[in-house]
Amino acid sequence: MTRATTTTDLVAGLRAAGVGAGTPVGVAWSADGVGLAHGDALLACPGDGVDAVRRVLEALRPRLVWWSARDATPLVRAGVRVASSWDLAATHCLLHGGSDRDPALVWAVARGLDPAHRPRTGQLDLLAGGPAPGSADDPVDPAEPVRPDGHLRPGWAEHGPPTPEAAARWAAAALVVQAAHERDLGVLPDTRRSPGTPALALLTAWSESAAELLAVELGVRGLPLDRATAIRLVEERVGPRPVDAVTAAAARAGRDDAVRALVPGAEDVDLRNPASVRALLGRVGIDVPDTRAWRLEPFRGTHPLVAALIDWRQAERIATTYGFGWLDRDVGPDGRLRGSWTGCDGAAGRMTASAGLHNLPAELRPAVAAEPGMLLVRADLGQVEPRVLAAVSGDDALARATGDDDLYAPVAARLAVDRPTAKVAVLAAMYGQTSGAAGEALRGLERAYPVAMDYLRAAHESGAAGRDVTTYGGRRVRMWPLAEPVDPAATAARGRFARNAVVQGAAAELFKMWAVSVRAALPPRAEVVLCLHDELLVHAPEQEADQVAALLHDVLGSTAARWAAGSGVRFVADVSVVRRWSDAKG
DNA sequence: GATTTCACGTA
DNA sequence: CGTACGTGAAATCC
C-alpha cells in the first residue's frame with residue numbers, strides 16, 4: 001500500500017505498475033479521498049479525490065473499474081467526461097441476469113461463493129453482520145474489505161470505505177471481480193466476427209458500462225424544458241395553478257361535473273373508480289368488461305359520455321402525473337427535468353428513467369426545448385427490431401431486405417401481400433402474437449425467412465421450457481419458475497417473453513452502443529440529454545448542430561459495422577435538427 | 001402501511 | 001391471450 005500525497009506520486013505509481021491507455025484501474029471513494037488499484041499497486045490518495053482521478057485520466061487514460069457507475073457521480077458533477085469504464089454491477093447483470101446487483105452479491109457470484117450467505121445490507125447487518133470491523137472482537141485489519149469467510153464486509157457499499165487506504169483495497173477487490181467477469185465474457189460463443197476484433201461480449205460489457213455512466217450523466221444534467229410552455233400546456237388541460245387545496249378540489253369537481261352532467265342522476269358517481277365508471281356506462285347501454293380507453297373507443301358514437309370520459313381521463317393524467325406537482329418536483333430552477341436513470345432494466349436490458357422521461361405524453365413534448373444558443377438534434381433508429389432480428393439470427397434473406405430504407409417493402413413483395421400486412425406479420429412473429437389477421441402472412445414468413453423464424457421459435461421454446469435465453473450481445477435473460485400446477489397460458493406467456501427478449505434485448509444493446517459512441521464523439525459543449533429505447537436527443541450549440549447530425553449517422557454506421565459484423569444488415573436513422581422535440585416528426 | 005388492481009403514457 | 005417500463009388512485013390485504 002502506497003500513500004500518494006501528491007497527484008504526481010499517484011500517476012507515477014500507476015505508471016510504474018504498468019498502467020497505460022485502456023488498462024483497468026480500480027477506483028473507489030472514501031469520505032476524505034480516493035483509492036486506486038492495479039495489480040499489486042494499491043494507492044491511497046487523501047484529499048481532493050476528484051482532481052486526483054482527473055489527473056490520472058489525463059495522464060494515463062486507463063479504464064476505470066468501479067462497483068457501480070454511481071461512483072462516477074462526483075466526477076460527472078465536476079464535469080469530468082470519463083472515456084472508458086467497467087461497471088461491475090452492469091457486467092454482473094449481463095452475465096447472470098436478474099436485477100439484484102449489490103456488491104456483496106456481485107462479489108459472491110464472481111468468487112464462486114453461495115450468494116445466500118452473503119452479508120445483507122440495512123437492518124439485517126445488525127443481526128448478522130458480526131462484530132464491528134476493527135473492534136476488539138474482530139481482529140481483522142479494518143481496512144480489509146473481505147471477511148474471513150470470503151464474503152465482502154457489509155456496510156462499505158452504503159457508507160463508503162472509511163479511509164483512502166480502505167478505498168484502495170475496495171478498488172482492488174473490484175479489480176478481482178473485473179478479471180473474473182472479463183474471463184467469463186471471453187467464453188461466450190461469438191459467431192460471425194472478424195478475426196482480430198474484440199469479442200462482441202467484451203464490446204457489450206464496455207458499452208453497457210458506458211451506458212450506466214451515461215445514465216448517471218443524464219440524471220445529473222437533466223432534459224432542457226421550457227417551463228413557460230409546460231405551464232401553458234398544463235393550464236390548457238386542467239386550468240390555472242390552484243392557489244390552495246380548496247380551489248384545487250373545486251377545479252377537480254368542475255372537470256368531473258362536466259362528464260357526470262351528461263347522464264341524469266350521475267352527479268355522485270366517482271369517475272376515479274373503474275367499477276363505478278363501468279356501472280355508469282351500463283346505465284347508458286354500454287356493457288364493457290373493463291373501462292380502458294381502447295375498449296371505449298368503439299363506443300364514441302353511442303353516447304356523448306364516452307368521448308367525454310376519454311377526454312376526462314387525459315386531463316386527469318395531466319392533472320395527476322404531469323401537472324404542477326410534477327413540474328415543481330422534477331424540474332429544477334434551471335429548467336431541467338431530472339429523473340433517475342438506469343442503464344438496463346431487469347428484463348431484456350433497456351434503459352429506464354423516472355419522472356416521466358420515458359412516457360411524456362406527446363401533447364407535452366412542445367415543452368422540451370433547446371436553451372438559448374442551442375438546438376436539439378433528434379435521431380431515431382428506423383425499424384430497428386426487424387433489422388436486429390436479421391442480424392442476430394443470421395438470416396441472409398432478411399438481411400437483404402434491410403438494404404431498403406423501408407424494410408417492409410421488400411418483405412411485402414416477397415410475401416406477395418400489401419405493406420401493412422407484411423408489417424403486422426413481422427411484428428406478430430417477433431412479439432408472439434397469435435390472434436388477428438396475420439395468420440396467412442406468418443406462414444409466408446416461415447417460407448421466406450426460415451432462419452429468422454427458427455431463431456424466434458427457438459427462443460420461444462426455450463422460454464416456455466423455463467430455460468434462460470442469451471441475447472446476441474451476451475446478456476443472460478432469466479426465466480422464472482411457474483407455480484404448480486403449470487398453467488398453459490403462463491407457459492405461453494413465458495415463451496412470448498423470451499421471444500421478445502432476444503429481439504428487444506439485442507436492440508437495446510445496439511442502441512446503447514450507438515448512444516455511448518455518440519457520447520464519446522460529441523464536441524465538448526454537446527450533450528446527450530435523452531435516451532428513449534430507439535431515440536436519442538442531443539443538446540448542441542447552434543453552430544455545431546449540423547455537425548452533430550452528421551455524426552449521429554456516421555457513428556451509427558461504424559457502430560453497426562462492429563456490432564453486426566459480417567451480417568450484411570443495414571441500420572438507418574432518421575435525424576433532424578429542431579428547437580423543440582415536437583418539431584421533429586416521430 | 002404495504003401490496004395489488006386498474007388505468008394509461010412511452011418505445 | 002404482443003413485450004417492456006414508470007406513475008397514480010383506489011381497492012384490497014394484513
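Each chain gets a letter, A, B and so on, in the order the sequences are listed, and its residues count up from 1. Only a predicted model underlies this, so the values are computations on that prediction, with no experimental measurement involved.
- Residue A/D345 places its side chain closer to C/dC5 than to any other of C/dC5, B/dA7, C/dT3.
- Remark: aromatic rings of A/F571 and A/W514 are distant, center separation not under 6.0 Å.
- The aromatic rings of A/H533 and A/H358 sit tilted relative to each other, their planes meeting at an angle between 30° and 60°.
- At the phosphate of B/dC6, neither OP1 nor OP2 sits under 4.0 Å from any side-chain N or O atom of A/T291.
- Counting atom types as modelled, A/N500 pairs no side-chain N or O with a base atom of C/dG2 as donor and acceptor under 3.5 Å.
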For this session: List the steps and the verdict of side-chain contact (heavy atoms from CB on, under 4.5 Å) for A/L445 and A/V411.
Result: CA-CA 9 Å; A/L445 282 179; A/V411 171; 4.2 Å; yes
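- Spacing between atom CD of A/Q504 and atom P of B/dA11 amounts to 14 Å, rounded to whole angstrom units.
- Heavy atoms of A/R278 sit nowhere under 4.0 angstrom from any nucleic acid atom.
- In this structure, A/A362 reaches the sugar-phosphate backbone alone: every heavy-atom distance under 4.0 Å involves primed, P, OP1 or OP2 atoms, never a base.
- Here B/dT10 presents its C1' atom at 14 Å from CZ of A/R378, a figure rounded to the nearest Å.
- The shortest distance between the side-chain N/O atoms of A/R496 and the OP1/OP2 oxygens of C/dT3 is below 4.0 Å.
- A donor and an acceptor atom, one from each side chain of A/Y431 and A/E385, are located under 3.5 Å apart.
- For the pair A/R329 and A/F324, the cation-pi criterion (under 6.0 Å, within 45° of the ring axis) is not fulfilled.
- Between A/R329 and C/dT7 there is no side-chain N or O to OP1 or OP2 distance below 4.0 Å.
- A centroid separation of less than 6.0 Å is found between the aromatic rings of A/W480 and A/F497.
- At whole-Å resolution of the value, CG in A/D270 and P in C/dG8 are 19 Å apart.
- A/L360 comes within 4.0 angstrom of the backbone, heavy atoms only, and of no base.
- Atom CG of A/N359 is separated from atom P of C/dT7 by 8 Å (rounded to the nearest Å).
- Nearest-nucleotide assignment on DNA chain C puts the 5′-proximal partner with A/A348, out of A/A348 and A/S354.
- Taking atom CZ of A/R252 as the reference point, atom P of C/dG8 lies 14 Å away to the nearest angstrom.
- Each of A/D534, A/D406, A/D405 was evaluated against A/Q383; a single residue qualifies, A/D406, per the side-chain hydrogen bond (donor to acceptor under 3.5 Å, both in side chains) test.
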I'd like a table of donor-acceptor pairs (distance under 3.5 Å, sequence neighbours excluded) in which one partner is a side-chain atom from residues 219-231 of chain A, with atom names and distances.
from	atom 1	to	atom 2	distance (Å)
A/R221	NE	A/E527	OE2	3.4
A/R221	NH1	A/V528	O	2.5
A/D226	OD1	A/A228	N	3.2
A/D226	OD1	A/T229	N	3.3
A/D226	OD2	A/T229	OG1	2.4
A/D226	OD2	A/R580	NH1	3.3
A/D226	OD2	A/R580	NH2	3.0
A/R227	NH2	A/G332	O	2.6

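- You'll find that the side chain of A/A347 is closest to C/dC5, out of B/dT10, C/dT3, C/dC5.
- Across the protein-nucleic acid pair, A/Y431 atom OH and B/dA11 atom C1' stand 8 Å apart, rounded to whole Å.
- Within 4.0 Å (heavy atoms only), A/A353 reaches sugar-phosphate atoms of the nucleic acid but no base atom.
- Checked against B/dC8, C/dA4, B/dA7, the side chain of A/D290 finds its nearest nucleotide in B/dA7.
- Nucleotide C/dG6 holds its P atom 14 Å from the CG atom of A/D330, rounded to whole Å.
- The nucleotide whose nearest atom lies closest to any side-chain atom of A/N273 is, among C/dG6, C/dA4, C/dA11, C/dA11.
- Atom CG in A/D534 sits about 18 Å away from atom P in C/dA4, given to the nearest Å.
- No engagement by A/A493 is indicated, since no non-hydrogen atom pair under 4.0 Å with the nucleic acid exists.
- Within the 4.0 Å cut-off from OP1 or OP2 of B/dA7, at least one side-chain nitrogen or oxygen of A/R292 is found.
- Taking a 4.0 Å limit (strictly below) on heavy-atom distances, residues 298-324 of chain A reaches DNA chain B at A/R313, A/Q314, A/R317.
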